[in-house]
Amino acid sequence: MCGIVGYLGKQEAYPILIKGLKRLEYRGYDSAGIALLNQGLKVYKSHGKVSDLENRIQGMDLSGTIGIAHTRWATHGEPNDVNAHPHYSESKDLAIIHNGIIENYASLKEELINRGHHFASQTDTEVLIHLIEDIQQNEELNLLEAVRVSLNYIVGAYAIVILDKNQPDTLIAAKKGSPMVIGLGEEEFFIASDASPIIEYTKKVVYLDDEEVAWLHRSGDLKIKTIKNKEKNPYIQKLEMQLSAIEKGGFPHFMLKEIYEQPRSIKDSMRGRLSASQGIVNLGGIIDYEQKFLNAKRIIIVACGTSWHAGLVGEYLWEELTRIPVEVEYASEFRYRNPVIYEDDIVIAISQSGETADTLAAIELAKSKGATIIGICNVVGSSIARATHAGSYTHAGPEIGVASTKAFTAQVTLLALMALSIANQKGSIPKSRYYQLLAELEALPEKVERALDVNEQILELSKIFKFAQNFLYLGRGYNFPLALEGALKLKEISYIHAEGYPAAEMKHGPIALIDAHMPVVVIATKKGAYDKVVSNIQEVKARKGVIIAIVTKGDMVVSQMADYVIEIPDTDEALVPIVASIPLQLLSYHIAVLRGCNVDQPRNLAKSVTVE
Ligand code: G6P
């Protein structure tokens with residue numbers, strides 16, 4: 001959470017920084033700020049979004065070829081002008097932007113107050129820049145050294161950039177636990193939380209590693225050392241991302257664009273990995289770990305949010321196909337509950353961003369107990385991707401809408417591919433089922449394309465339900481995790497209270513809520529526990545609940561009973577969560593838009609949760 005951008009070079013910094021902040025706004029958007037250096041260090045800040053900052057500082061002197069900027073998701077101190085970044089040091093010579101959390105900030109702050117420091121904000125970030133200046137002055141160090149030494153006192157996570165009034169040709173950056181990428185131009189540098197603010201200027205990047213500090217100079221010089229004072233050679237990589245991937249491409253919102261991208265993103269997640277006709281699944285990223293899978297007595301899946309729901313679908317898939325027991329854990333619970341972890345356990349960590357702090361901590365814990373960690377990440381080179389022993393990227397492309405859509409379907413696709421590959425080697429499923437599922441996977445992009453045909457119908461439906469106060473989502477078997485995901489999507493972006501339940505559990509509580517005002521979305525596709533779900537629908541109808549049913553095309557039974565019916569193409573029961581995601585995503589999207597909500601940046605949320 002929080003987006004940081006820095007620029008140093010020959011161009012005017014302000015337009016580059018503002019554009020960069022807009023690209024990173026998905027990471028947090030409760031306040032924003034910018035610091036520019038040109039005959040003095042100027043800091044401009046505003047609560048609200050980047051556009052609020054832009055409006056507020058229109059007409060002011062925004063010149064300068066060096067600057068730093070920040071868009072915030074508040075952790076310490078409410079989102080207001082004062083707590084917005086950048087923050088000054090005591091002398092106001094230094095300004096800092098920060099993404100992360102300084103866990104020991106309270107004790108450091110107390111010590112600094114005793115030493116005569118004054119703090120304007122309630123943030124942990126201001127404490128860090130005061131500490132750096134204090135060490136710089138008292139130990140008579142240059143800024144690079146002062147930053148390096150100070151970071152040894154820090155407990156927590158940081159990606160920071162520091163601008164010094166007295167050094168107009170230099171920026172200092174450092175990171176631990178929060179992402180940071182440095183773009184290398186011709187005698188110019190771009191710094192950002194991810195590559196999106198950088199790609200239109202350069203494809204050459206350096207990803208800083210944890211506990212590294214970088215010194216960037218206008219001459220094009222880049223020096224990197226660890227906080228323990230070990231020199232490092234910058235490892236320059238080429239960015240593969242395309243600019244079009246992070247633009248809206250004619251869609252009104254990123255979320256709708258990403259929903260519509262799914263036929264392609266699902267195809268990309270399987271590209272080069274699957275050949276149904278030859279009966280091949282080839283996941284290069286885990287090939288060296290296949291024996292571990294074959295020997296594993298247990299798989300533990302750790303994730304958060306939507307990725308956790310993908311993990312739940314994974315549990316059904318892996319247990320059915322590989323007969324290896326699977327546990328799915330919220331990373332935030334797993335990391336603190338002293339779980340039993342064996343050396344022959346395989347932990348699959350699922351994360352779109354690859355930066356989620358709880359998932360990362362769960363990985364470290366499992367690793368320390370000797371388990372094998374396999375990652376399923378979307379962002380290439382992300383912290384989680386690097387922390388795992390092996391893994392496979394989802395290749396869904398950048399997901400910018402805060403509510404996850406295409407990442408979810410790509411995660412489930414990959415879980416299915418992995419499970420099939422292991423099941424085939426283990427001989428835990430009949431060959432015929434293996435081939436049948438491969439063929440179904442290959443047909444998925446086309447089926448998802450057809451599922452998108454319901455868009456207009458769902459828009460009309462959304463007009464009926466836009467004022468609903470509550471929603472219930474029901475499903476059984478593979479469709480139960482999807483009920484959870486459908487409910488999460490709706491509450492995230494429309495702020496309507498929604499709950500997902502296994503359909504049969506309804507009678508143990510939620511049935512008390514059902515009346516003529518309660519819309520109940522039931523995923524009632526053929527196969528699996530279809531007949532049982534039919535009975536559950538009858539139970540809702542008997543209490544005058546309003547049924548919106550997602551059914552398999554051509555369904556005659558549920559269609560007679562439900563108030564509203566949405567048809568999706570038939571597919572294997574195990575893959576229904578992928579196809580049936582489409583109408584659920586569209587339903588929450590249209591309801592949210594009709595309610596006037598900001599679907600791409602829902603209140604209080606952030607795309608990448610780098611705090612626990
Ligand atoms: C945040 C996002 C969710 C996401 C979750 C886990 O809460 O808003 O959309 O599912 O984090 O993120 P990850 O990047 O680890 O999948």
Side-chain angles (χ1 to χ4, degrees), residues 1-3 21-32 47-53 71-75 78-79 84 99 193-194 196 246 248 251-262 303-310 332 351-353 355-358 378 396 398-409 458-459 462 465-471 473 483-500 519 521 581-611:
M1 14 213 32
C2 298
L21 284 188
K22 287 185 178 159
R23 294 249 165 91
L24 293 177
E25 215 170 12
Y26 71 88
R27 303 179 63 87
Y29 34 82
D30 59 42
S31 53
H47 67 280
K49 307 182 68 113
V50 176
S51 54
D52 295 315
L53 171 72
T71 177
R72 178 169 187 247
W73 187 89
T75 56
E78 67 175 275
N99 165 29
S193 300
D194 72 29
S196 60
I246 55 163
K248 282 189 199 149
F251 285 90
H253 300 100
F254 281 111
M255 181 175 176
L256 191 62
K257 176 190 174 223
E258 285 156 9
I259 292 173
Y260 269 85
E261 274 175 351
Q262 287 173 105
C304 302
T306 289
S307 298
W308 185 79
H309 292 155
S332 54
S351 175
Q352 186 287 129
S353 63
E355 301 295 343
T356 304
D358 284 320
N378 196 34
E399 190 182 66
I400 294 174
V402 164
S404 186
T405 52
K406 64 175 180 172
F408 173 77
T409 48
I458 290 188
L459 172 61
S462 304
F465 290 104
K466 67 176 177 181
F467 295 121
Q469 308 265 326
N470 298 285
F471 258 84
Y473 285 71
L484 297 181
E485 174 58 12
L488 176 66
K489 243 8 16 123
L490 187 72
K491 66 186 135 191
E492 275 180 311
I493 59 169
S494 73
Y495 319 139
I496 295 174
H497 170 246
E499 283 189 60
V521 178
S581 287
I582 305 296
L584 298 183
Q585 294 165 354
L586 287 169
L587 184 65
S588 51
Y589 170 78
H590 285 301
I591 289 181
V593 171
L594 290 168
R595 286 165 70 95
C597 301
N598 184 341
V599 291
D600 282 339
Q601 294 170 346
R603 68 184 180 206
N604 304 338
L605 299 179
K607 184 81 186 147
S608 167
V609 183
T610 52
V611 296

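Position 1 is the first residue of the sequence, and the numbers go up from there. The figures that follow rest on heavy atoms only: side chains count, while hydrogens, waters and symmetry mates do not.
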Chemist: Determine whether a donor-acceptor pair (N or O, by modelled atom type, separation under 3.5 Å) exists between the side chain of Thr356 and the backbone of Val609.
Modeler: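 No: the side chain of Thr356 does not pair with the backbone of Val609.
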
Chemist: Which heavy-atom pair separates His590 from Leu459 by the least distance, and what is that distance?
Modeler: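 Heavy atoms only, the tightest pair is ND1-CD1, 3.6 Å.
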
Chemist: Under a 4.5 Å cut-off applied to non-hydrogen side-chain atoms, are Leu584 and Glu485 in contact?
Modeler: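 Result no, sub-4.5 Å side-chain heavy-atom pair not found.
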
Chemist: Hey, could you give me the OG/CG distance between Ser462 and Leu594, rounded to the nearest 0.5 Å?
Modeler: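 Rounded to the nearest 0.5 Å, the OG-CG separation comes to 6.0 Å.
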
Chemist: Given 3.5 Å as the limit, does a donor-acceptor pair link the side chain of Ser494 with the main chain of Lys491, or not?
Modeler: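 No, the answer is negative, given that no donor and acceptor are paired below the 3.5 Å cut-off.
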
Chemist: Kindly give the heavy-atom pair with the smallest separation between Glu492 and Ala403, and that separation in Å.
Modeler: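 Heavy atoms of Glu492 and Ala403 come nearest at OE1-CB, 3.7 Å.
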
Chemist: Nearest 0.5 Å please: distance from the CG atom of Leu21 over to the OG atom of Ser193.
Modeler: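 It comes to 9.5 Å.
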
Chemist: Please check: side-chain N/O of Lys406 versus main-chain N/O of Pro398, any donor-acceptor pairing under 3.5 Å?
Modeler: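 The answer is yes, because a donor-acceptor pair under 3.5 Å joins these two groups.
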
Chemist: Tell me if the CZ atom of Phe467 is crowded by more than 12 foreign heavy atoms within 6.0 Å.
Modeler: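 Not buried by this count: 12 neighbours or fewer within 6.0 Å.
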
Chemist: For Thr409 and Gln262, test the side chains for any donor-to-acceptor distance below 3.5 angstrom and give the result as yes or no.
Modeler: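 A donor-acceptor contact under 3.5 Å links the two side chains.
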
Chemist: Give a yes or no answer on whether the side chain of Glu399 reaches the backbone of Ala407 with a donor-acceptor pair at less than 3.5 Å.
Modeler: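 At least one qualifying donor-acceptor pair exists.
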
Chemist: I'd like to know if the side chain of Tyr29 and the backbone of Pro602 have a donor-acceptor N/O pair within less than 3.5 Å.
Modeler: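 Present.
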
Chemist: Say whether, by atom type as modelled, one donor and one acceptor occur between the side chain of Trp73 and the main chain of Asn604 under 3.5 angstrom.
Modeler: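 Side chain of Trp73 to backbone of Asn604, a donor-acceptor pair under 3.5 Å: yes, one is there.
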
Chemist: Run the side-chain contact (heavy atoms from CB on, under 4.5 Å) test on Tyr589 and Thr405 for me, step by step, so that the C-alpha distance in whole Å, both residues' side-chain angles and the decisive distance to 0.1 Å come before the verdict.
Modeler: CA-CA 11 Å; Tyr589 170 78; Thr405 52; over 6 Å; no

Chemist: Does a donor on one side chain sit under 3.5 Å from an acceptor on the other, for Gln352 and Ser307?
Modeler: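 No, no side-chain donor-acceptor pair sits under 3.5 Å.
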
Chemist: Do Tyr473 and Leu490 come close enough that some side-chain heavy atom pair is under 4.5 Å?
Modeler: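 Touching, per the 4.5 Å side-chain cut-off.
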
Chemist: Can you find a pair of side-chain heavy atoms, one from Leu24 and one from Ser196, that are under 4.5 Å apart?
Modeler: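 Answer yes - side chains close enough.
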
Chemist: Side-chain contact test, heavy atoms from C-beta onward, threshold under 4.5 Å: evaluate it for Asp194 versus Glu355 and give yes or no.
Modeler: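 SC-SC contact between Asp194 and Glu355 ruled out.
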
Chemist: First locate atom OH of Tyr26, then atom OG of Ser353, and finally report the distance between them rounded to the nearest 0.5 Å.
Modeler: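 Tyr26 OH to Ser353 OG: 8.0 Å, rounded to 0.5 Å.
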
Chemist: Are the side chain of Lys489 and the backbone of Ser404 linked by a donor-acceptor contact shorter than 3.5 Å?
Modeler: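 Judged by distance alone, yes, a pair lies under 3.5 Å.
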
Chemist: Locate the shortest heavy-atom distance separating Asp358 from Ser332; write the atom from each residue and the value.
Modeler: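 Residues Asp358 and Ser332, closest heavy atoms: OD2-CB, 3.5 Å.
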
Chemist: Between CG of Leu484 and CH2 of Trp308, what distance do you get to the nearest 0.5 Å?
Modeler: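 That separation rounds to 6.0 Å.
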
Chemist: Could you tell me if the side chain of Ser31 sits less than 4.5 Å from the side chain of Arg72, heavy atoms only?
Modeler: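 Answer yes - side chains close enough.
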
Chemist: Does a side-chain N-to-carboxylate-O contact under 4.0 Å join Glu25 and Lys22?
Modeler: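 The answer is no: the pair does not qualify as a salt bridge.
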
Chemist: Do the side chain of Asp30 and the main chain of Ala74 share a donor and acceptor less than 3.5 angstrom apart?
Modeler: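 Side chain of Asp30 to backbone of Ala74, a donor-acceptor pair under 3.5 Å: yes, one is there.
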
Chemist: I'd like to know if the side chain of Tyr495 and the backbone of Arg603 have a donor-acceptor N/O pair within less than 3.5 Å.
Modeler: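 A pair under 3.5 Å: yes.
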
Chemist: Can you give me the closest heavy-atom contact between Asp600 and Lys248, atom names plus distance?
Modeler: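 Heavy atoms of Asp600 and Lys248 come nearest at OD2-CE, 4.2 Å.
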
Chemist: Over all heavy atoms of both residues, which pair between Ala487 and Ala498 is shortest? Give the atoms and the distance, please.
Modeler: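 That would be O-CB, 3.6 Å.
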
Chemist: Which pair of non-hydrogen atoms, one from Ser588 and one from Ile493, has the smallest distance, and what is that distance?
Modeler: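 Looks like O-CD1, 3.4 Å.
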
Chemist: Just how far is it from atom CD1 of Ile582 to atom CG of Leu587, taken to the nearest 0.5 Å?
Modeler: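 Nearest 0.5 Å value for the CD1-CG distance: 13.0 Å.
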
Chemist: Roughly how far apart are His253 NE2 and Cys597 SG, rounded to 0.5 Å?
Modeler: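 Between atom NE2 of His253 and atom SG of Cys597 there are 10.0 Å.
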
Chemist: Keeping Arg27 on the side-chain end and Thr71 on the backbone end, is there a donor-acceptor pair under 3.5 Å?
Modeler: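 No; judged by distance alone, with no hydrogens or angles, the pair does not exist.
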
